[in-house]
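Quick note: numbers below take in every heavy atom, side chains included, and nothing from hydrogens, waters or symmetry partners. A note on names: the letters A, B, ... follow the listed sequences, proteins ahead of strands, and every chain is numbered from 1.
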Amino acid sequence: MLIIKEKIESIIVESINKAIDDKRIDIPPVTNIKVEYPKDEKFGDYSTPFALESAKQLKKNPMEIASVISEYVSKNEFFEKVDVVRPGFLNLYISKKVLNEVAAEIISLSDSFGIIKKNNPERVNIEFVSANPTGPLNIVSARAAAVGDTLANLITAAGDIVDREFYINDYGNQVRLLGESVLSRYRTLNGIDNEFPEEGYRGDYIKDIASFINDKFKSEADSISDHAELVDFFAKKAIEYNVSGQKEVMSRFKVNYKQWFSERTLHEDGSVENTFSDLKDHGVLYEEEGKTFFKSTNFGDDKDRVVMREDGRPTYLLADIAYHRNKFKRGYSKVIDIWGPDHHGYIARLSGAVRALGYQESAFKVLIAQQVNLIANGELVKMSKRLGQFSTMADLIEEIGTDVARYFFVMRSMDSHLDFDLVLAKKESSENPVFYLQYAHARICSIFREAESRNFPYIKGVSDNTVFDSPETVALLKALSKYPEEIKDAAASLEPHRIGVFLLRLAQLFHRFYAENRVLIDDEAKRNSLLTVCDCVRIVIRNGLSLVGVNAPEKM
RNA sequence: GCGCCAGUAGCUCAGUGGAUAGAGCAACUGCCUUCUAAGCCGUAGGUCAGAGGUUCGAAUCCUCUCUGGCGCGCCA
């Protein structure tokens, strides 16, 4: 697939090197150069500030340098126009011929337009949500799910091989506590007097789990007499129940994990112990007061961390190191985690451990998806786990639907603390950006339906340059041509929101085009070209929305 | 006290060191006998939290200050 920005970069680099060969400018050959999108279209479709940046080194006026380069660049038929503009920008306008080629490419590739092939694809593991299996998923999980899944789609489209993963923390104190909480509710259900554990989970869902066990596993439960064993039984059943609920919600949210990875297995198959000795072999452990510490301060952490307690039990950190070691041992060359904001302090120690085990720093990346506030009617909605509140992800899907929820989360940068306006999101109106986008798609489908009913033929891949006279058409095609590089950039920078922003801009350009250009006109050649443009927009919106996990409706 | 994230239009947010800082919503206008008005055109709205610095050029990079959120466990 043609990635225009890359093509332009190579044209400019070539031109500069030619100018150097011709002794027109006196610098060492260049290998790469900055090409950017001007803010204002009157400054071209692409521009390079190379002359400005090299002026000092060359001790020359940037305008002079730029005009020398422009002599070489303008010979290329890729561009319609090359401008040299004060104080030294080189502004490039791509030719209509290129736009026509882009349109042809979109039509012929269709669903696979935007999918980039890489010669050496990386194997990428992306882990997101990984909420505790002690209860239902909440709103923050929904954000992580939307962002993580979209990012996985983007990286896949950019040519790598991506697996999605969910880490189940089914080990440790909280699990026992969960077991005890459910056991207590179970006993109450059966009329047995008991005391609820002090730190236990008090949500109503615990009662649901208790009655679930009562319905399905009563005889099995009642046959266990040993208390620890009984708690363990309840804990296991509760985790199964919760995880299966989480799986169900994720699938409704259109997230398909390759693997749900159980922490417990790391303890049972010796991975945790092996990781411990592995770290020891790397010389990053030391003992003090009977505990074993990981020297995380060597890796930028602010203090060393205990990995093995005095009584020989591993800490959560050690299990987590074992988990990430496991990911690398499974052959992933890149491991990405998306965490909640409350875990950012944990990054230094874990990425330190990954490095201590000999993996590249760049191979492990933790992204933090910032907090989500729910707003309704201008008021902050408290996220308590009480009834009637919009606390769970399932409620959110129920209330506003997967499409709206996913788009809302994806259109914002992960770094921003998000105010999620429930009332706005629920509105099926122009106030909701998701509908704005979907409406563009539905409108195009409607044009094609109408064309069919009027017996207007549409011949794919045949287009006439004259339609490029309309400024709206040109703007639209230029935007479409940037879709592949948008995917590449969004994947490389791990910023899925870019695609959401891109699609909104595209929809806007289409609505503007629609208002100014009647498609179903009598002139057959021109009509076919306009239909081609519409088809291109339809394809890119559909492909883009599918990356975000949002449906592209044919009618609204 | 230390660390992470944020502070951009009335609100929610985009903005890759570049040129006159943008969008959606809200407000005020105008546009449906013509392919979907869930749309389009226009107007108004800004000390990019503040102060220094680096640079030919800073919302963007650095330092400090202020404000908000979160974290600083041998919990997970």
Do the side-chain N or O atoms of [X] get closer than 4.0 angstrom to the phosphate oxygens (OP1, OP2) of [N]?
X: A:Tyr436; N: B:rC40; result: yes
X: A:Arg305; N: B:rG73; result: no
X: A:Gln508; N: B:rG24; result: yes
X: A:Arg512; N: B:rG39; result: no
X: A:Thr134; N: B:rA76; result: no
X: A:Lys303; N: B:rG73; result: yes

Could you tell me whether [X] contacts a base, only the sugar-phosphate backbone, or nothing, with contacts defined as non-hydrogen atoms closer than 4.0 Å?
X: A:Asp170; answer: nothing
X: A:Tyr37; answer: base
X: A:Glu36; answer: base
X: A:Val501; answer: sugar-phosphate
X: A:His497; answer: sugar-phosphate
X: A:Arg518; answer: base
X: A:Ser47; answer: base
X: A:Leu418; answer: sugar-phosphate
X: A:Glu263; answer: sugar-phosphate
X: A:Asn91; answer: base

Tell whether [X] reaches the base of [N] with its side chain through a donor-acceptor pair below 3.5 angstrom.
X: A:His344; N: B:rG3; value: yes
X: A:Thr315; N: B:rA76; value: no
X: A:Asp40; N: B:rA21; value: no
X: A:His511; N: B:rC40; value: no

>> Of the listed nucleotides (B:rC70, B:rU16, B:rC5), which one gets closest to any side-chain atom of A:Pro341?
In response: B:rC70
> Of the nucleotides B:rG39, B:rC70, B:rC5, which one has an atom closest to the side chain of A:Gln370?
Replying inline: B:rC5
Any carboxylate oxygen within less than 4.0 angstrom of a Lys/Arg side-chain nitrogen, looking at [X] and [Y]?
X: A:Arg176; Y: A:Glu180; answer: yes
X: A:Lys303; Y: A:Asp301; answer: no
X: A:Arg498; Y: A:Glu495; answer: yes

>> Test of understanding: with side chain to side chain contact (heavy atoms under 4.5 Å, CB included), list the residues that count as partners of A:Tyr316, not counting sequence neighbours.
In response: A:Tyr167, A:Asn169, A:Glu263, A:Asp320, A:Tyr346
Taking a pair as Watson-Crick or G-U wobble with both distances under 3.5 Å, which nucleotide is matched to [N]?
N: B:rC48; result: none
N: B:rC4; result: B:rG69
N: B:rU34; result: none
N: B:rG18; result: B:rC56
N: B:rC28; result: B:rG42

> Is the count of non-hydrogen atoms from other residues, nucleotides or ligands lying under 6.0 Å from A:Lys482 atom NZ greater than 12?
Replying inline: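 Yes, enclosed.
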> Starting at the 5' end of RNA chain B, which residue's closest nucleotide do you reach first, A:Lys39 or A:Arg449?
Replying inline: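 It is A:Lys39 whose nearest nucleotide is closer to the 5' end.
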> Among A:Tyr323, A:Phe166, A:Tyr171, whose ring-ring contact (aromatic ring centres under 6.0 Å, His included) with A:Phe261 holds?
Replying inline: A:Tyr323
>> Going by side-chain contact (heavy atoms from CB on, under 4.5 Å), A:Phe234 matches just one of A:Ile239, A:Leu178, A:Val182. Which one?
In response: A:Val182
